[in-house]
Structure formats: structure tokens, C-alpha cells
Amino acid sequence: MTMRVDAGLTPAPSGVPVGRPMPEMERPMPEAPGRRLGYAVVGLGQFALNQIIPSFARSQSSKLVALVSGNRDKALHVAECYGVVQKNIYDYQSFDRIADNDEIDIVYIILPNALHAEFTVRAFQAGKHVLCEKPMAVTVEECDAMIRAGREADRRLMIAYRAQYEPYNMEAIRMAREGELGTIRLVTSDHGRILDPSVPADQWRMVKSLAGGGSLYDIGIYSLQAARYITGEEPVEVSGYITSDRNDPRFAEIEDLVAFQLRFPSGALANLTSSYSTSPVKRIQVFGSKASLVLDPATEYERHQMMVKTGKEERRVQMPEGNQFAAEMDHLAKVVMENREPKTPGEEGLRDIRILQAVYRAAREGKPVLLSTTDAPTR
Ligand code: NDP
């Protein structure tokens, strides 16, 4: 007997398997993914495991295919949880063999700062593209070497400045650029937290040879980034003060509290701080001739808040949070596929390291330092 199946509208006789129409959806289905590039994550620490690796599930153009770790048991466990095959687990010695693995397109470096340069250069030598955590490296020379290695390998280098891929910060940048705040006169930004020696991730942060610097390198870089991406300008002068209690073992090698100021060509100023000994703050304030804006928290992983004040009127800006980690990984995957440059290339990371070095110098010498803008990235 032949049975008529008209787009599933006829009830199916019992015992006969048939397809049915798409049910009414209670929530939207995820967008069908296009091509995804394969990432190898290097260093399975707190940031990689809590933020980055879980965010692959929210990405459209990226997938986790390989792990690099000095702890094989941890790597095996992570691989099992996220469906990474065992043959794609490497350690720091076998890392260079990624050259023979076509599944890996991009290497994401999430190691202590002093190891960024070495693993970036080795990744380029293996023919891979690189996403590197902030700060890009410890010295200007390392940054130069990373950029050079990327050029020689004809591969992309992007610094993981997640705030530039985060919707609230992107909206603040748009408002500043499109003149909604008037002329930008002043940016203030504060990033602080308590450095805790009992937390493993804070232990290498107290060692200068691994961290490169203290609060300025680790989180002051967010304050600096904010001043640069909000104004869209490069500073021409920097001054700074640093205070650290040398009797506090946390600050035997690295700095604690930093206040620094930038002067921009337009005459805009930035008043910025970083701290390892104050209660947590992640705030950006922008003062324009027409309106001011407060992002607080500004550089959290989620739950950002933004207020815009014009005269006596204050309004809260709300928008979908998105996932800034997936967004930055997808950005690099897309520019690689389209053979374009990333929004936050190595040159952007290098610029920050130059400015941070100038802050140290200004604080050490007790006088402002003039900066050259000739090597500034274009925006
Ligand atoms: P963790 O200490 O938690 O992780 C670092 C990992 O690097 C370790 O787990 C280890 O991985 C590996 N590693 C290799 N050599 C060393 C070493 N000598 N000492 C310590 N670890 C080593 O640090 P975080 O995850 O907090 O930071 C890693 C990087 O990510 C830093 O550059 C930091 O600035 C950046 N970061 C960025 C954030 C952002 O918001 N963009 C937030 C937090 C960090 P394994 O055991 O697998 O070998």
C-alpha cells in the first residue's frame, strides 16, 4: 500500500517513521556556522579555562582544535571535556610540531607575559596566525621581533584587546567619534584590584621576569587603551607617578599604584590609574563639550553599565552584551579568511608598550616624557 505524505500535514499511521515540519520555535536557533578556523590554545590557566575556551561555543568562525600545556593530565582532562582529540595535545617542547597539523590555523597565546614573544615567533615559524594576550610582550624589542616574524611568515598578528570587541566600549567609541559627546576634552580611567599571592595566577604576576611589570602592565593597559580608543588619538606627552610599599612582599619586584597623564595633539588630556592594592575598579569616564559618559564597570567580562549625561539629563544606555571573547576570536578568523589586517594588530600592542615604558621613565625621572607619533597605527 502506498502512503501519501503531504509535508507532514497528514497524521502518520502508527508504527511508520515519517519526517514532520519544523516545529514552532520557542527560542531562535543559532545561526548556521560558516567555515570555522581551528585554534590551538597555549597555556591552560585561569583566563583560558574560565573565559576563552568556553567561549568557542559562542563563536561563528572559530573552533578549538588543539591544546598546548605543560601539564599533560590537565590537558587530557580539558581535551576530553571540549572534544579535542588526543593527538592535538602538545607541550612546550613539542609545540613546534604544530607545523605539521593542518587543523590548526591560529595559535592563541595565553601564557605569562614574558613568554608571549617566544611562542608568537615559534607559532609564526610553524606557519600559523597568532592571537596574543595583552600586554603584547615585555619590551619594545620583543614586540618588534613578533611583528617582524609575522611579516616574514606572511601571517596575521592580533593582540587580544577584548574591550575593542565589546559592545558597550564599541558604542562609547562610536559616540565619541560621531561627535555625540561634542569635542572630547578629558578621559579618565581607573583599573585596580587586590593582588593576592594565594591565587596561582597572581604568583607569576609578582615576578618581574615573568610579568614584565606590575599593575601598569597588567591592568593599567586597559586605562591606556581606553584613552587611546576613545580619543582616537596618539599621546604626544606622558607624565607619571608610582608608589609601592617595598616592605610588602607583593611589591618587592613590581609596582603597585600608578597615576599617569597623557596629552593628545588636540589638547585633550587623559588622567589614568592602575592599582594592585585597592578595591576593584574598572571604570572609564569621558568628558566632552556637549555630554559626558561613564562606563562602570567598563572592562568586565559581562554586565557593563553605561550612563550618558547631557546638562541635567542623564540616560542609561543598554544593549545586548554579546560575548567579547568569541567576537575577538571570530574577528581574527574572518580577517584571516578575507586576507585583511585585524583591528588590533601587533602595531597597536607595540604602541602601548612604548607608552607604558614612557610612563615608567617619566615616574623615574620625575618629569614628562615626549612621545613620537610617527610609528602610531592608523585608526
Ligand atoms: P595563569 O597563571 O592562570 O595561566 C598561565 C598559564 O600559562 C599557566 O596555567 C600555565 O599553563 C602556563 N605557564 C607556562 N609557563 C608558566 C610559568 N612559568 N608560570 C606560570 N604559568 C605558566 O594566568 P592568567 O590566565 O591569568 O594570564 C595569562 C595571560 O592572559 C597573561 O598574559 C594575562 O595578561 C592574560 N590575561 C588577559 C585577560 C583579559 O581580560 N584579556 C584576563 C586575564 C589574563 P599550563 O599549566 O597549561 O602549562
Side-chain angles (χ1 to χ4, degrees), residues 40-55 64 66-79 81-82 84 88-95 107-120 122 130-138 142-143 146 158-166 169 191 193 195-226 254 274 276 280 282 297-302 304 323-329 331-332 344 348-349 352-353 356:
V41 167
V42 188
L44 305 179
Q46 57 91 18
F47 186 59
L49 291 183
N50 289 309
Q51 310 303 332
I52 298 304
I53 291 181
S55 297
L64 177 68
L67 301 171
V68 183
S69 172
N71 181 332
R72 181 143 181 101
D73 288 343
K74 177 171 63 174
L76 280 167
H77 179 63
V78 175
C81 293
Y82 287 97
V84 172
N88 288 358
I89 299 177
Y90 300 85
D91 61 24
Y92 301 120
Q93 286 71 41
S94 62
F95 174 73
V107 171
Y108 190 168
I109 293 162
I110 320 184
L111 293 167
N113 309 339
L115 298 169
H116 292 183
E118 178 193 335
F119 281 85
T120 296
R122 285 169 68 180
V130 174
L131 179 57
C132 178
E133 260 312 322
K134 47 56 60 178
M136 176 173 174
V138 169
E142 284 179 345
C143 297
M146 293 159 80
M158 173 171 145
I159 309 306
Y161 283 131
R162 60 182 172 80
Q164 294 204 42
Y165 302 87
E166 188 283 315
N169 282 269
H191 284 83
R193 69 179 184 88
L195 190 71
D196 182 351
S198 70
V199 174
D202 277 358
Q203 286 160 4
W204 64 261
R205 282 177 165 85
M206 296 186 296
V207 181
K208 185 146 192 237
S209 61
L210 279 171
S215 74
L216 185 65
Y217 254 48
D218 189 28
I219 48 180
I221 197 165
Y222 290 109
S223 300
L224 169 60
Q225 271 276 301
I254 50 118
S274 68
Y276 265 166
K282 298 178 172 185
T299 53
E300 262 304 347
Y301 297 153
E302 54 191 356
H304 296 85
N323 179 305
Q324 57 192 307
F325 311 109
E328 66 181 354
M329 293 191 290
H331 175 78
L332 181 55
T344 52
E348 172 91 356
D352 283 342
I353 298 299
L356 295 181

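When a residue number appears, it is its place in the shown sequence, counting from 1. Remember, it's 1-based here, ligands and their atoms both numbered in the order they're listed.
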For ligand 1, the portion of Trp204 having any non-hydrogen atom under 4.0 Å away: side chain
Among Ala163, Pro112, Ala48, Gly43, closest by any non-hydrogen atom to atom 16 (C) of ligand 1: Pro112
Proximity to ligand 1 by part of Tyr161, non-hydrogen separation under 4.0 Å: neither
Selection residues 107-116 - residue pairs positive for side chain to side chain donor-acceptor pair (under 3.5 Å), sequence neighbours left out: Tyr108-Glu133, Tyr108-Glu328
Test item: Leu44 and Asn71 side chains (from C-beta on) under 4.5 Å apart, heavy atoms: no
Residue Tyr222 vicinity, atoms of ligand 1 by number, heavy atom under 4.0 Å: 38 (C), 39 (C), 40 (O), 41 (N)
Atom 12 (C) of ligand 1 [closest protein heavy-atom partner, distance rounded to 0.1 Å]: Tyr92 OH, 3.3 Å
Student check: side-chain heavy atoms of Leu131 and Met329 closer than 4.5 Å: yes
Nitrogen or oxygen atoms of Pro135 and ligand 1 under 3.5 Å apart: no
4.0 Å heavy-atom contact, His116 with ligand 1: yes
Side chain, backbone, both or neither: the part of Glu328 lying under 4.0 Å from ligand 1 by heavy atom: neither
Selection from Ile109, Ile159, Ile110 by shortest heavy-atom distance to atom 5 (C) of ligand 1: Ile110
Taking atom 15 (N) of ligand 1 as the reference point, the nearest protein heavy atom with its distance: Leu115 CD1, 3.5 Å
N/O separation below 3.5 Å, Gly70 to ligand 1: yes
Quiz item: cation-pi between Arg122 and Phe119, 6.0 Å / 45°: yes
Which segment of Gln46 sits under 4.0 Å of ligand 1 when only heavy atoms are counted: both
Test applied, side-chain hydrogen bond (donor to acceptor under 3.5 Å, both in side chains); reference residue, Thr299; option that passes from Lys282, His191, Glu166: His191
Leu111 N/O to ligand 1 N/O under 3.5 Å: yes
Backbone or side-chain N or O of Pro200 under 3.5 Å from ligand 1 N or O: no
Atoms in ligand 1 with a heavy atom of Lys74 nearer than 4.0 Å: 9 (O), 45 (P), 46 (O), 47 (O)
